[in-house]
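The structure appears right after this line, and notes come after that.
Atom set for the values below is all heavy atoms of this structure, side chains included, hydrogens, waters and symmetry mates excluded. Numbers restart at 1 for each chain; the letters A, B, ... are given by sequence-line order, proteins then strands.
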There are 2 protein chains.
Amino acid sequence: MTTYHHGDLRAALLRAAGELLEKDGVESLSLREAARRAGVSHNAPYRHFPDRESLLAALAAEGFELLERELGERPAAELGLAYVEFALARPQRFRLMFGGQRAQAAAGYVNLRGFAGLGDEAPLAAAAAWSLVHGLANLILEGHFAAAQRESGGGAAFAAKVLGSVRLARAQRTA
Amino acid sequence: MTTYHHGDLRAALLRAAGELLEKDGVESLSLREAARRAGVSHNAPYRHFPDRESLLAALAAEGFELLERELGERPAAELGLAYVEFALARPQRFRLMFGGQRAQAAAGYVNLRGFAGLGDEAPLAAAAAWSLVHGLANLILEGHFAAAQRESGGGAAFAAKVLGSVRLARAQRTA
DNA sequence: ACCTGAACACCGTTCAAGT
DNA sequence: ACCTGAACACCGTTCAAGT
């Protein structure tokens, strides 16, 4: 019973907070509710996190590890699509990772140079590739391509089309 | 003196809330503080906005009008850069407009087909162009290109380089 | 060290009332 | 219609105490 808060309260808090995050988003994630779910007083979290913001930072860090892992399992040609799929599968986590000033943790974290055959060409090309998939993920997530998605049969399918069309344009160039 | 709340309390609230937003971001924008700044009771805002969320939606809508206006003043070749510049000039407004579920108001709002010579080619190309500039704006805003920005002499300069390199790639293709 | 309850200064939102 | 003060159920954070 009283097991839980004997060394892994931090982990229990992160798990509870992660569930709350993915359910309702950052804005309605409270330290007190996470503590409640972990079975401790509203005050206990301060033993492991100096404030709410650093709990959020830890959740974001988890997200970056997960993203890195998932990108690592895919061939270079699918990196862009994998990035979008990650965002669509964990929208709230993705928003937390890349929204609102919490980004320091991520700076330079995600390496997409391999995306779409861009190889190691140039830093500018890598920046463009990352920007493309990141913007696509965001805009799909927020519903800005709702109509086109419906035609394509879902967000991931639409993303594949868009990324495919870019790849095609590049292929035509080199051909 | 008692002028203010005689018809334009709504406007006064939006102005106060806009200042708070641009100062500290959405998360620390409270209805009560906006009311205080507008010189009314913490309760008065409910005469004009059913809840906090719809005040935020109104602020986002203002942002979209402003973005549209600013894009409209630039030649087609500069639309992408203008988009990024808007984001860098009003980071908190931009985050509000495109962050966290508030996007319905914007769906299909921004038309970037003219960007980078993409013309009316295809919806997929337009989606790619918007994604590129949107992702670039976001990633610059959150500090993910900090090092490259320093070399380029600022976020806007870096954005111009990235967008220039993409345009170049397309030009090479058609040449 | 780790956890607790009480307390403080905030919130958003609702309600009964005033003009 | 528009505004008010009081009240409710929440927050994040701090503090003095307990083990």
Take atom CG of B:Leu31 and atom P of C:dT14, then tell me their distance rounded to the nearest Å. 11 Å
Those residues at least two apart in sequence (or on a different chain) that pass salt bridge (charged side-chain N to carboxylate O under 4.0 Å, His left out) with A:Arg150 are none
Distance, rounded to the nearest Å, where A:Glu53 contributes CD and D:dC11 contributes C1': 15 Å
Watson-Crick and G-U pairing of DNA chain D, under 3.5 Å, as dot-bracket with | and [ ]: ||.|||||...|||||.||
d(CG, A:Asp51; C1', D:dT13) in whole Å: 9 Å
Please state whether the phosphate of D:dT13, meaning OP1 or OP2, lies under 4.0 angstrom from any side-chain nitrogen or oxygen of A:Tyr46. yes
side-chain hydrogen bond (donor to acceptor under 3.5 Å, both in side chains) against B:Arg36, all qualifying residues, sequence neighbours excluded: B:Glu33
Can you list the steps and then say if A:Phe98 with B:Glu142 is a side-chain contact (heavy atoms from CB on, under 4.5 Å)? CA-CA 7 Å; A:Phe98 288 104; B:Glu142 306 300 343; 5.6 Å; no
Please determine whether a side-chain nitrogen or oxygen atom of A:His42 lies at a distance below 4.0 Å from atom OP1 or OP2 of D:dT14. no
Is the distance from OP1 or OP2 of C:dC3 to the nearest side-chain N or O of A:Ser41 less than 4.0 Å? no
Going by the rule side chain to side chain contact (heavy atoms under 4.5 Å, CB included), which residues pair with A:Ala160 if we only count those two or more places apart in sequence or in a different chain? A:Leu81
Counterpart residues, side chain to side chain contact (heavy atoms under 4.5 Å, CB included), relative to B:Ala35 (two or more places apart): B:Val40, B:Pro45
Residue mapping more 5' on DNA chain D - nearest nucleotide basis, A:Glu33 or A:Pro50: A:Glu33
Taking N or O atoms only and anything under 3.5 Å, show me the protein contacts with nucleotides 16-19 of chain D, one pair per line.
none

When you measure from the side-chain N and O atoms of B:Arg32 to the phosphate of C:dA9, is any distance below 4.0 Å, counting only OP1 and OP2? no
Round to a whole Å and report the spacing from CZ of A:Phe49 to C1' of C:dC2. 15 Å
Spacing of B:Leu9 atom CG relative to D:dC2 atom P, expressed in whole Å: 9 Å
A:Glu70: which residues meet the side chain to side chain contact (heavy atoms under 4.5 Å, CB included) condition with it, sequence neighbours left out? A:Leu66, A:Phe86, A:Arg90
Check the distance between C:dC11's P and A:Arg52's CZ and give it to me in whole angstrom. 15 Å
I would like to know whether B:Glu27 and B:Arg95 meet salt bridge (charged side-chain N to carboxylate O under 4.0 Å, His left out); could you show each step before the answer? CA-CA 11 Å; B:Glu27 300 208 358; B:Arg95 284 198 191 95; over 6 Å; no
Starting from C1' on D:dT13, measure out to NE2 on A:His48 and report it in whole angstrom. 17 Å
Got a sec, which residues hit side-chain hydrogen bond (donor to acceptor under 3.5 Å, both in side chains) with A:Glu19, two or more places apart in sequence or on another chain? none
Residues at least two apart in sequence or cross-chain that pass side chain to side chain contact (heavy atoms under 4.5 Å, CB included) with A:Asp51, listed by chain then number, are A:Glu53, A:Ser54
In whole angstroms, how far is the C1' atom of D:dC2 from the CZ atom of B:Arg10? 16 Å
